[in-house]
Amino acid sequence: MSCCVLSITGLQLYWNYQNYKTTVNNFKTDTNNALEVAVNKEIALRQQELVLKVKYWLADTSFLKIECNINNRDSNTVFTIQDVHPRFKEDSTRKSRLFNIGINYFKQKLKEITPEAKKIFINHFAERTFKDDIEDGAIFYYTQGLGDSIHKAFDESKFNPKKFIDLYKTELTKRNIATSFKLVRKPQIKSSTLILSANTSFRKSYKSEPIFVSLESANSYYLKEMKGLILTSLLLIAITIFCFYYTIRMLFSQHKLVAIKNQFISNMTHEINTPLSSIQVTAEALKQFNPDEETREKYLDIILYQTKKLNDLSAEILENAKLETLDFKRDEEVDLERLLLTLIQELKLEEKVVLKYQSNLAGYLLKGNKNHLSRAIGNILENAFKYNDNEEPRIEIKLTKNQKEIKLTVSDNGPGIANEFKEKIFEQFYRIPTGNVHDIKGYGLGLSYVKKVISQHKGTITLFDNQTTGSIFSINLPS
């Protein structure tokens, strides 16, 4: 059972650890991939803005002049771009200031540019030639004026935080990552956050313009996302351990019950054998001998006395059994002081026992069951006398009353009871271990019976040490 429980617990913990590593790694990887995609999309948006600007400049006839010709070996249409207002004076190198470009899919052979051809050229140049160049992070001076304009626009194009945030949220949602984030200027390494960075520059290969994103830590994300599974797993572990604990406890309880049963049988056998042996010996003496009338009466008294002990023993066992399942009526008016005085007289104390009795309860009647209260209190008094092995035994009884309760204390100067047995002595059949010695009669029912009676009277019974030796039994009953 121990190996099984340890295996189940170990597997659960191992599974949670593997799940933790997978979740944390996926979180870091996915958030970083989402960041790269969002940054690239934001850059693509800025690049598209430059493409639109180039289209506008190309279409501006006051800025650039677009022509075409077929003056080449294959007689294919070649388009040329030239500044309308060149920044430098014209000289013999004028031809070098023209930018020539051919379009493979353009099959018309034109000596002069047409509006349709110009439109095709502008789209092709902006969407393909120019866009491919800036995606590589390069700026070409197709003409001086166009190159200067592109360079200026290139430098003025800055990272757009608002658009990036929207793009990053979208990418995180695509990856089923529900987490908050914010842009930070300077990264501060904290255990409670995850810092990611990306380069937002058009010229990534040559220039760095980093941004930093602060997210919740991977551990925090794992706890947030997997708390249901974690709690379920911990609950399963707790249930498994509880079941194991409960089973072990039941096994020990059964073992304890077997020990108590054996002790009870031993005590009960001794208690029964003593009167039975007396009855047997006395009956055999009456049968074998012909005693005189006085001796005969003594023998019969012994038989009747021992028979009464057996009847009392069986009655007490039956009463204890009934208290387990049945309640008793508590509608009698009981004079506790008179009941105590009667019990003291019936106790038949030896002359050397010093008994001290105090009471302020004269004439007070308590609602309860007289028979059970009498037997319960009598049991306490009998124990105080029976187990007192002091050379000068003393018993002190106090009966007091206040506004809330009636308190009865029975103190003795006997050997006392060790702390380890103070709670157990009220358990059924329990007796303080004495080995196989039965010098004091008993079978472990008395104090359990007392506790049941007091409890059904809505009271409590407590055991204290009596300084310097002995015990104090305190009974509290509601007044």
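When a residue number appears, it is its place in the shown sequence, counting from 1.
- Relative ring orientation between Phe181 and Phe164 is described as perpendicular, the plane-to-plane angle rising above 60° on a 0-90° scale split at 30° and 60°.
- Under the salt bridge (charged side-chain N to carboxylate O under 4.0 Å, His left out) criterion, Lys458 pairs with no residue, sequence neighbours left out.
- At a threshold of 4.5 Å between non-hydrogen side-chain atoms, the residues Asn369 and Asp331 do not count as touching.
- In this pair, Phe242 and Tyr245 present their aromatic rings tilted. The plane angle is within the 30 to 60° band.
- Side-chain contact check for Phe27 versus Leu194: some heavy-atom pair is nearer than 4.5 Å.
- Annotation: side chain of Ser448 is not in contact with side chain of Phe426 (no heavy-atom distance under 4.5 Å).
- Counting only heavy atoms from C-beta outward, the side chains of Ile406 and Asn476 never approach each other to under 4.5 Å.
- With hydrogens and angles ignored, the 3.5 Å screen pairs no side-chain donor or acceptor of Asn19 with any backbone N or O of Trp15.
- At distances below 3.5 Å, at least one donor-acceptor pair connects side-chain atoms of Asn40 with backbone N or O atoms of Glu36.
- For residues 277-302, there are no ring pair (Phe, Tyr, Trp, His ring centres under 6.0 Å) pairs, not counting sequence neighbours.
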Practice task
May I have the step-by-step check of side-chain hydrogen bond (donor to acceptor under 3.5 Å, both in side chains) for Asn413 and Asn388, ending in yes or no?
Solution key: CA-CA 7 Å; Asn413 63 339; Asn388 196 332; 2.9 Å; yes

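- A 4.5 Å side-chain heavy-atom check between Tyr387 and Ser471 finds every atom pair outside the cut-off.
- Scanning all heavy atoms of the two residues, the minimum distance from Tyr357 to Ser359 falls at OH-CB, 3.3 Å.
- Side-chain atoms of Ser253 never come within 3.5 Å of backbone atoms of Arg249 as a donor-acceptor pair (strictly under, hydrogens ignored).
- When all heavy atoms of Leu50 and Ala153 are compared, the pair lying nearest together is CD2-CB, 3.5 Å.
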Exercise for the section: Kindly determine whether Tyr221 and Ile177 satisfy side-chain contact (heavy atoms from CB on, under 4.5 Å), including the steps that lead there. Expected result: CA-CA 9 Å; Tyr221 176 79; Ile177 299 176; 4.0 Å; yes

Practice task
Show the numbers, then the answer: is there a side-chain contact (heavy atoms from CB on, under 4.5 Å) between Asn360 and Leu399?
Solution key: CA-CA 7 Å; Asn360 67 349; Leu399 184 62; 5.9 Å; no

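- Minimum heavy-atom separation, Leu167 to Ala38: CD1-O, 3.8 Å.
- When the shell of 6.0 Å around CD of Glu294 is examined, it contains 12 or fewer heavy atoms from other residues, nucleotides or ligands.
- Classification of Lys158 and Glu209 as a salt-bridged pair fails, no side-chain N sitting under 4.0 Å from a carboxylate O.
- Atom OG1 of Thr295 sits about 10.0 Å away from atom CD of Glu297, to the nearest 0.5 Å.
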Problem - Chi angles and distances behind the side-chain contact (heavy atoms from CB on, under 4.5 Å) call for Ile380, Leu408 - result: CA-CA 11 Å; Ile380 296 292; Leu408 169 64; over 6 Å; no

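- In this structure, Asn32 contributes its side chain and Lys28 its backbone to no donor-acceptor pair below 3.5 Å.
- No hydrogens or angles considered: nothing links the side chains of Thr29 and Asn26 as a donor-acceptor pair under 3.5 Å.
- Rounding to the nearest 0.5 Å gives a distance of 9.0 Å between CG of Leu365 and CG of Leu336.
- Taking CG of Leu236 as the reference point, atom CD1 of Ile241 lies at 11.0 Å (rounded to 0.5 Å).
- Contact record, Thr31 with Tyr168: O-OH, 2.9 Å, taken as the closest heavy-atom pair.
- Electrostatic pairing of Glu49 and Lys163 counts as a salt bridge here, judged by a charged N lying under 4.0 Å from a carboxylate O.
- With a 4.5 Å cut-off on side-chain heavy atoms, Leu276 and Leu310 count as touching.
- Although no hydrogens or angles enter the test, the distance criterion places a donor-acceptor pair under 3.5 Å between the side chain of Arg175 and the main chain of Glu171.
- Around atom CG of Asn290, no more than 12 heavy atoms belonging to other residues, nucleotides or ligands sit under 6.0 Å away.
- Residues Glu396 and Lys398 are paired through a salt bridge, judged by an N-O separation under 4.0 Å between the basic side chain and the carboxylate.
- With a 4.5 Å cut-off on side-chain heavy atoms, Ile397 and Gln358 do not count as touching.
- Considering all non-hydrogen atoms of both residues, Val39 and Asn199 come closest at CG1-O, 3.5 Å.
- Here the shortest heavy-atom pairing between Glu216 and Ala178 reads OE2-O, 4.0 Å.
- The existence of a salt bridge linking Glu333 and Lys370 is excluded, since no basic side-chain nitrogen approaches an acidic carboxylate oxygen closer than 4.0 Å.
- For Glu392, the CD atom is loosely surrounded, since the number of other residues' heavy atoms within 6.0 Å does not exceed 12.
- A donor-acceptor pair under 3.5 Å links the side-chain atoms of Ser277 to the main chain of Asn273, judged by distance alone.
- Of the charged side-chain nitrogens involved, none lies within less than 4.0 Å of a carboxylate oxygen, so that Glu293 and Arg296 do not count as a salt-bridged pair.
- Once rounded to the nearest 0.5 Å, the distance linking CD1 of Ile472 with CD1 of Ile417 reads 11.5 Å.
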Problem - Worked verdict on Val410 versus Ile475 for side-chain contact (heavy atoms from CB on, under 4.5 Å) - result: CA-CA 9 Å; Val410 179; Ile475 296 175; over 6 Å; no

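- Side chain of His372 to main chain of His457: no donor-acceptor pair is present (N/O by atom type, distance under 3.5 Å, no hydrogens or angles).
- Asn466 and Ser411 are not linked by any side-chain donor-acceptor pair at a separation below 3.5 angstrom, with hydrogens and angles left out of the test.
- Once rounded to the nearest 0.5 Å, the distance linking NZ of Lys356 with CZ of Arg394 reads 10.0 Å.
- For the pair Lys207 and Phe202, the cation does not sit on the ring face, since its NZ or CZ is not both under 6.0 Å from the ring centre and inside 45° of the axis.
- Within the model, atoms CD1 of Ile272 and CD of Gln306 stand 12.5 Å from one another, a figure rounded to the nearest 0.5 Å.
- Within the 4.5 Å cutoff, the side chain of Ile239 has no heavy atoms near those of the Ile237 side chain.
- Atom NZ of Lys169 is surrounded by 12 or fewer heavy atoms from other residues, nucleotides or ligands within 6.0 Å.
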Handout entry: Asn219 vs Tyr20, side-chain hydrogen bond (donor to acceptor under 3.5 Å, both in side chains): CA-CA, chis, key distance, verdict
Key = CA-CA 8 Å; Asn219 292 337; Tyr20 162 77; 2.4 Å; yes

